[in-house]
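It should be emphasised that the depicted structure is a prediction, and the values quoted were computed from it without experimental measurement. Excluded from the calculations below are hydrogen atoms, water molecules and symmetry mates; all remaining heavy atoms, backbone and side chain alike, are included. The chains referred to below are lettered A, B, ... by the order of the sequence lines, with proteins before strands, and numbering in each begins at 1.
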Number of protein chains: 2
Amino acid sequence: MKELHETNPFKKPFGSLNELIDNITAVLGCPVTIEDANHRLLAYSSHEDGTDSARVGTIISQRVPEKVINRLWKEKVIPRLMQTETALRIPTIEEIGLRDRVAISIRKNQEVLGYIWAVDEQKKLSAEQLSLLKDAAGAATPLLLKLHLQRKRKKENYQDFFWQLLMGHYQSNEEIQQQFYELQITMPAQFAVLVFRFEQEITGKVEEQITYLIATSQKITNHFLIVMENELILIASPHPSQPDEKVFKEFISYFIMEMDNRFSIRGIKGSSGTIYHSFDRAETSYQQALKVLKLKEQFPEDLQKVFHYHQLGIFQYLDAILKEKKTSPYEHPAITKLENYDRLHNTNFLETLEVFVQHDSNAHEAARLLFVHVNTLNYRLKRIREIGDLDLKNAYEKMAVLVDLKIRRLQ
Amino acid sequence: MKELHETNPFKKPFGSLNELIDNITAVLGCPVTIEDANHRLLAYSSHEDGTDSARVGTIISQRVPEKVINRLWKEKVIPRLMQTETALRIPTIEEIGLRDRVAISIRKNQEVLGYIWAVDEQKKLSAEQLSLLKDAAGAATPLLLKLHLQRKRKKENYQDFFWQLLMGHYQSNEEIQQQFYELQITMPAQFAVLVFRFEQEITGKVEEQITYLIATSQKITNHFLIVMENELILIASPHPSQPDEKVFKEFISYFIMEMDNRFSIRGIKGSSGTIYHSFDRAETSYQQALKVLKLKEQFPEDLQKVFHYHQLGIFQYLDAILKEKKTSPYEHPAITKLENYDRLHNTNFLETLEVFVQHDSNAHEAARLLFVHVNTLNYRLKRIREIGDLDLKNAYEKMAVLVDLKIRRLQ
DNA sequence: GTTTCGTTTGTGAAATTTCACAAACGGAAT
DNA sequence: ATTCCGTTTGTGAAATTTCACAAACGAAAC
C-alpha cells in the first residue's frame, strides 16, 4: 500500500513509550493513549483538551473500564481492530462516555500487542494523519515487545476470550481448545449461551446477588459470566445431576422468579440459545438467545413462557417470512374478508380465529380466553369457515393463517 | 453512445424493405428477417445457409409461429427487445427450433414498429456488426411507417397483450384499460390466472377439446387462453352464476377429471393464482399459479388436493424459510433426537410425528394412515413428547416441527 | 433358552367434543 | 313498535377422544 505522506517521522528509535507518545501527540495534536492487548494502560499524553469520560476512567484505573471494553466488543470495534493493520475511526458511543476517536492495533505480524487511541474530537484527523498513526504503531511494536507483555494474566484475558467466543472470532475448534488450556479453564462438554435483560442497569450489588443465585441454583453449572449495562450473559451447561436441555428453561424461570422473590428485582427477560457441544457454535447460541429476547419483546403474550430458542416454534421463521412478504406482498384473503366482516357487523371473528388457532384448535380453551360460551365459539368458527373459505381441519392452512395474523400484528 | 464504426452504410434512402434487407445481408453476411410489431413477416433474405426451423416456419406461414412467440415471451426475449434500442443476442432454444441469432427492435421513439432478426449461427457477429444492425433498424423505421402498420389487428395483438399482462409489462392500470378498449375486449371486473401443465405437448386436437371443456363447464368465464408446448394458461373469472373464488378450485379438479374421463388425457396438473380486481396484478396471479405447480411437484402427496394459491398454506413460505435456513443452519433438536432413536430402535417415531401433525393432530386419521392401532399412536406420541422434549399441545412448536420436517424432505 | 426392554394391541370406563335444536338477545331497518 | 337478521346461550344426546391397565409380541442381550 502506498503511503500518503513522504517521510515517516517515527522512523527512529524511541527510548520509552512516553517518549513515543510525546512525539505522536506533537505530530497529531490530540490526546493519545497506548494500552496493551489486555487493555491495561501503558502510557498516555498529558494533553489538556478533548478528554472524555472513557479516557479519564482508563487513566484513573490504569485500565479501560470493563463497561467500555464490553461495549466495544459488542459493537465489533475490537474484533475489527484486531483484524486490520490500519487505523479505524470509532464513532461516538454516548452511553459509555466515549467520544469520537481513532484507534489502531500495535502488532507483531499477526499477534496484537496493544492499541493506540487518539481522541480527535476537536479536529478530525486527515487520511494522511491516520497513515501517520500506522507508522506510530510500527514504532510502538519494539517497545511493547520489550515489556514482555506476552505473560498473559488469566483474569484479564478471560473477558476477551468470552467475547471472542460470542463473536465467532475463532476459526477452528483447536484454537479454542488452546485458549481454554492457556487460561486453565476446563472446557465443558456442552454448553448454551443465556442472556438476561434487566430493566435497570446492573449494579455491583445486583451482580453479587446474581452470582449468588447462580451458584446456589443447583440447575446449571456456569462457566462464563459477563455483565454489561443492563444485560447479563452466561455460558453455562446443565448441572451434572440433571444433564438435560430442559434445565435451561427451568433455570431461567427460576432465576427470574427468585430475583423477584429475594431481591425484588422485576421485569427481567431471559433466554437461552441451543445447547452445543463444540465451542465454535458459541456465536450461534448467543445469536439465538438474542433472537428469543427480540421476539419476546415483539410478542410478549405469545412468548411469555418461552425461554429457549427451540421453544420459539414458528416464530423462528417469522422474520424470514416477513422479508419474503415485503418483496412479494400477499394479503391473506380470509383475513381480509373477516376483517371487513368484523367491521361491518361489529363481530370479533378475526380475533376468535387467532385465539382458536394459536391455542392448538382447542375450543374450550379458546372460548374461555374469549369469555364466551363454547357453542358461541363453535358457531363463530362455522361462520369463519364460511366467510373466509377456510378449512380449519387443514394444518397447513391454519399455519399460514396464524403466521399471517402474527405478521399483521407487527405492522 | 459512441458508434463503434466510422460510417453508417445505411444512411441513404431505401425504396423498399427488400432493398434494405439485401443491403443488410450483404453487410452482415447472414440470413435476415424483418417482421412487424405483431410478428408478421415483412421481408426476408434469400440467403442459403443457416436457416433454422423457426425461420422456415416464419417464412412459410408469413408469421412467426405461435409456439415461438410464446416461448420468446416466456423467456423475456420480447420484453427485453421492446425495452432496448440496441441489438440483443438470443441464445439457442432447441425445443422450438430456434438457433443462435441476434435481434433488434425497429422503433419510432418509444413505439416498437417491428423487429430485425439475423441468424448468425455460422459466424457470430462482432460488436461492431451489432452496432451496424442498429443503423439498419434506423433505416427501417421510415419504411415501416410507410406501411401504415399502426392498424392493429385484433386477433394478432391479443396474444401479445396476454403476455404483456402476465409479464407485468404495463406500468399503470390506465394503459391496460386502453388496451382492452383498443382490442374491443370487455375488461372483467375480476380474474385469476390458471395454469395447467400436461404430460405431453398439447396438440391442436387437444386444444379443441380444452376449449370445448372450458366453454361447457359453466363454472368459469374464460377471457384469455394460450397454449404453449405442454402448458395451458388461462385468465378467467368466476361464472356470473356463482361469483365466488371457490369455483377455481372446482373448475380445476373438474377440468382434470373430465380431460381424463372424456378424452383419456391423464397426469394434468392445474393451479390457480389469487383472484384480483385490477389487471396490474395479473403478473402476481400468474406467478402464484406457477408457484403452486412447482410446489405440487415437490410435495405431490401433501398438495394433491391443492389447486389455489391460498390453499398452499404454510407451503407458501417454505422457500423463504429454506433460504433463511441456508444462511443460518439450525437443526431441529427434536427431529435430530427422534431420528437417532428411530435408527437405534427400529422405530418409526419421526414419520409418526409428521403424519400426526400434518393431519391436524387427528389421532384416528394418523393411526389409520400409519396402519396402526390408535393406542399405538398414542403411545408413540407419548414417547415422542419425551424423547423430543416436545409440547404437542403448542401450536407454534408443532408448526415449526412440521415446517422443518417438510424442509428436510427437500434435502 | 430365558430374560429384559420397548413396542403393539385390546378392553372398557371416563372425559371431552361435536352437533342439532330451541330460545333469547340486540342492533338496524322499516 | 315491529320485524328481520345474525349472534349468543342453554340443553341434551351422540360421537369421539383420552386414559389406565393388562396382555401379547418380538428383537436383542444374557
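Judged by distance alone, the side chain of B:S328 and the main-chain N or O of B:K325 form no donor-acceptor pair under 3.5 Å.
Within the nucleic acid shown, B:V374 has no heavy atom closer than 4.0 Å to any nucleic acid atom. As judged by a 4.0 angstrom heavy-atom cut-off over every strand, A:F371 is placed among residues making no nucleic acid contact.
Distance B:L370 CG to C:dT8 P: 10 Å, rounded to the nearest Å.
Other residues, nucleotides and ligands contribute over 12 non-hydrogen atoms within 6.0 Å of the CD atom of B:E386.
Distances from the side chain of B:N346 to the nucleotides C:dT7, D:dT9, D:dA28 place D:dA28 closest. With D:dT11, C:dT7, D:dT7 as the candidates, the nucleotide lying closest to the side chain of A:Y379 is D:dT7.
At a cut-off of 3.5 angstrom, the base of C:dT11 holds at least one donor-acceptor pair with the side chain of B:N375.
For the residue pair B:K398 and B:S361, a side-chain donor N or O sits within less than 3.5 Å of a side-chain acceptor on the partner.
Side-chain nitrogen and oxygen atoms of B:H364 include at least one within less than 4.0 Å of the OP1 or OP2 phosphate oxygen of D:dT17. Regarding contacts with the backbone of D:dT9, a side-chain N or O of A:T376 is found under 4.0 angstrom from either OP1 or OP2. Between B:R380 and C:dT8, a side-chain N or O to OP1/OP2 separation shorter than 4.0 Å is present.
Between A:L402 and A:E354, the closest heavy-atom pair is CD1-O, 4.3 Å.
Across the interface with DNA chain C, nearest-nucleotide mapping of B:R383 and B:H373 shows B:R383 to be the residue nearer the 5′ end.
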